[in-house]
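If you're wondering where the values come from, they're calculated on a predicted model, not measured in any experiment. Both ligands and their constituent atoms are indexed starting at 1 by order of listing.
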Amino acid sequence: MTVVVFGASGAVGGAVLAGLRERGVDVRATSRRPDALVVPPGVPVAAADLNDPRSLGAALSGAERVFLYADVDDPEAVALEVAASGVRHVVLLSSSSVTSPDASSDFNASRFLGVERAIRESGVDYTFVRPGGFASNAARWRWGIASDGAVAFPYPDAVQAPIHEADIADVAVAALTSDALIGGAPVLSGPARLSLREQVAVIGAEIGRDLVVVEQTEEEAAAMLSPHVPEPWVRQIIKDWREAVGAVPDISDEYTRITGRPARSFRTWVRDNVDLFR
Ligand SMILES: NC(=O)c1ccc[n+]([C@@H]2O[C@H](COP(=O)([O-])OP(=O)(O)OC[C@H]3O[C@@H](n4cnc5c(N)ncnc54)[C@H](OP(=O)(O)O)[C@@H]3O)[C@@H](O)[C@H]2O)c1
């Protein structure tokens, strides 16, 4: 059985590739820039761009399952190519945002809904892995931490349940190596609720520095994000923070149900990535 891994250079895709290899599964890694992709010796690499559906045929040829990112402009075209290739099971990195009541009118959630719908309607077996906010979003704070030991937010008391990308990958690997999760859409979260302020405190404790959380206005946050993040995402990030103040995000037990292990904590993510903040 060959499993094709899209996003093999990514945090989740890279961990999926490693997890499949640990289980002895034949893998094929894809990238839009295959020459720049670093994979273990012996792993075949194919060029593929999800936004150029004609590029997918060679990457998918002869494969049985595929791990797919949802960063797709034309979901129907991608789903058609996947179905035509003979792949029988797609594991999609989706998002828990699709479960919110206003998902269809939300910029971010509606993208994932569109990809899920296209895959469902293609007739190929699927598993939609639906994580909430990644712990790795905290990596964006490293410049402020490195320069002046400070991180600025408009809503530092926004509450999240950040998930370690290794947990997402573990669930994807479980889905890609059995039929047990076919038709499933596990919603995943980290094991605990933490405000942004508390996440900064965990990072501070791990690197042995007192970090400062600075409150800023939405306008100041937008000005800070805009040089690095496209406009719709600036609005999305600020909206998500605003709505997370006073929220009580669900803590999912799906990771433990599927893998038999406890979910990794935010502190574990910081320890695994501590060099980012030093
Ligand atoms: N951050 C969150 O809180 C959160 C929550 C829920 C869901 N998500 C979703 O999770 C994904 C990010 O996961 P990550 O952290 O593992 O990402 P990452 O480390 O930033 O890597 C992104 C990967 O996606 C691949 N990719 C991007 N566009 C592609 C395209 N057009 N065709 C083929 N491959 C493409 C890239 O591959 P190449 O550059 O090598 O081609 C890269 O390996 C996004 O889809 C995001 O919407 C994120």
Side-chain angles (χ1 to χ4, degrees), residues 4-19 28-39 43 45-60 66-75 77-78 81-82 90-100 103 106-116 119 128-141 158 160-173 185-190 194 196 199 225 228-230 232-233 236-237 239-241 244 249 252 266 269 272-273 276:
V4 177
V5 178
F6 280 80
S9 64
V12 179
V16 170
L17 190 83
R28 186 183 302 150
T30 81
S31 174
R32 290 167 296 178
R33 295 180 300 129
D35 295 344
L37 183 63
V38 179
V39 286
V43 172
V45 174
D49 183 343
L50 290 165
N51 289 328
D52 177 10
R54 288 166 308 170
S55 73
L56 304 182
L60 296 171
V66 58
F67 174 73
L68 209 60
Y69 273 60
D71 299 297
V72 170
D73 290 342
D74 185 346
V78 170
E81 286 293 331
V82 171
V90 173
V91 175
L92 177 74
L93 175 52
S94 184
S95 162
S96 66
S97 62
V98 299
T99 63
S100 92
D106 180 89
F107 166 72
N108 185 38
S110 60
R111 286 185 324 126
F112 289 104
L113 277 178
V115 183
E116 289 192 359
I119 291 172
F128 300 144
V129 179
R130 293 171 165 176
F134 292 6
S136 56
N137 293 339
R140 299 183 193 132
W141 310 338
Q160 304 172 327
I163 181 168
H164 196 306
E165 56 272 11
D167 283 8
I168 306 167
D170 286 347
V171 171
V173 168
V187 171
L188 306 176
S189 74
L194 288 168
L196 296 170
Q199 292 172 51
L225 290 167
H228 314 286
V229 183
W233 288 108
Q236 182 78 44
I237 292 168
K239 169 180 181 276
D240 288 347
W241 281 334
S252 163
F266 181 73
W269 181 86
D272 289 347
N273 295 277
L276 286 175

Next on the checklist: For Arg111, run the salt bridge (charged side-chain N to carboxylate O under 4.0 Å, His left out) check against Asp106, Asp71, Asp73, Asp74 and tell me which one passes.
Outcome noted: Asp71
Checklist outcome for this item: With Leu50 as partner, the option from Val115, Val72, Thr30 fulfilling side chain to side chain contact (heavy atoms under 4.5 Å, CB included) is Val72
Checklist entry - Are any of the N or O atoms of Pro131 closer than 3.5 Å to those of ligand 1? => result no
Next on the checklist: Please give me the minimum heavy-atom distance between Ala77 and Pro53, naming the atom from each residue.
Outcome noted: CB-CG, 3.6 Å
Checklist entry - Do any nitrogen or oxygen atoms of Leu50 come within less than 3.5 Å of a nitrogen or oxygen of ligand 1? => result yes
Next on the checklist: For atom 22 (C) of ligand 1, which of the options Phe134, Tyr69, Trp233 provides the nearest non-hydrogen atom?
Outcome noted: Tyr69
Next on the checklist: Evaluate Ala11 for polar contact with ligand 1, using N/O atom pairs at a separation under 3.5 Å.
Outcome noted: yes
Next on the checklist: For Arg130, is there an ion pair with Glu116 - N to carboxylate O distance below 4.0 angstrom?
Outcome noted: yes
Checklist entry - Taking the non-hydrogen atoms of Gly133, is any one of them nearer than 4.0 angstrom to ligand 1? => result yes
Checklist entry - With no hydrogens and no angle check, do the side chains of Glu165 and Trp269 hold a donor and an acceptor under 3.5 Å apart? => result yes
Item to check | Polar contact flag for Val12 and ligand 1 (N/O pairs, less than 3.5 Å) | outcome: yes
Item to check | Distance filter under 4.0 Å to Ser31 heavy atoms, resulting ligand 1 atoms | outcome: 38 (P), 40 (O), 41 (O)
Checklist entry - Got a donor-acceptor contact below 3.5 angstrom from the Ser55 side chain to the Asp49 backbone? => result yes
Item to check | Heavy-atom protein contact below 4.0 Å for atom 20 (O) of ligand 1 | outcome: no
Checklist outcome for this item: protein heavy-atom neighbour closest to atom 25 (C) of ligand 1 works out as Gly7 CA, 3.8 Å
Next on the checklist: Checking the side chain of Arg32 only, and the main-chain atoms of Ala47 only, is there a donor and an acceptor separated by less than 3.5 Å?
Outcome noted: no
Checklist entry - By number and element, which atoms of ligand 1 are closer than 4.0 Å to a non-hydrogen atom of Gly132? => result 5 (C), 6 (C)
Checklist entry - What atoms in ligand 1 come closer than 4.0 Å to a heavy atom of Leu93? => result 10 (O), 11 (C), 13 (O)
Next on the checklist: Test side-chain contact (heavy atoms from CB on, under 4.5 Å) on Phe134 and His164; report intermediate values, then the result.
Outcome noted: CA-CA 6 Å; Phe134 292 6; His164 196 306; over 6 Å; no
Item to check | Heavy-atom side-chain proximity of Ile168 to Ile163 below 4.5 angstrom | outcome: yes
Checklist entry - Do the non-hydrogen side-chain atoms of Val91 and Val66 ever get within less than 4.5 Å of each other? => result no
Next on the checklist: Checking the N or O distance criterion of under 3.5 Å, is ligand 1 in contact with Arg32?
Outcome noted: yes
Item to check | Close approach, Pro34 and ligand 1, non-hydrogen under 4.0 angstrom | outcome: no
Checklist entry - Do we see a donor-acceptor contact under 3.5 Å between the side chains of Gln160 and Asn137? => result no
Checklist outcome for this item: The protein heavy atom nearest to atom 31 (N) of ligand 1 is Asp49 OD1, 2.9 Å
Item to check | Non-hydrogen atom of Arg111 closer than 4.0 Å to ligand 1 | outcome: yes
Checklist entry - Can you tell me which residue and heavy atom of the protein come closest to atom 43 (O) of ligand 1, and the distance to 0.1 Å? => result Ser9 OG, 2.6 Å
Item to check | Short N or O distance, Thr30 and ligand 1, threshold 3.5 Å exclusive | outcome: no
Next on the checklist: Heavy-atom contact check, 4.0 Å cutoff: does Ser94 meet ligand 1?
Outcome noted: yes
Checklist entry - Do any N or O atoms from the side chain of Tyr69 and from the backbone of Gly13 form a donor-acceptor pair under 3.5 angstrom? => result yes
Checklist entry - Can you check whether Arg33 has an N/O within less than 3.5 Å of an N/O in ligand 1? => result no
Checklist entry - Would you say ligand 1 has an N or O under 3.5 Å from any N or O of Asn137? => result yes
Checklist entry - Hey, which atoms in ligand 1 end up nearer than 4.0 Å to a heavy atom of Asp71? => result 31 (N), 44 (C), 45 (O)
Checklist entry - Donor-acceptor pair, Ser252 side chain versus Val187 backbone, under 3.5 Å? => result yes
Checklist outcome for this item: In this structure, atom 47 (O) of ligand 1 is nearest to the protein heavy atom Phe112 CZ, 3.1 Å
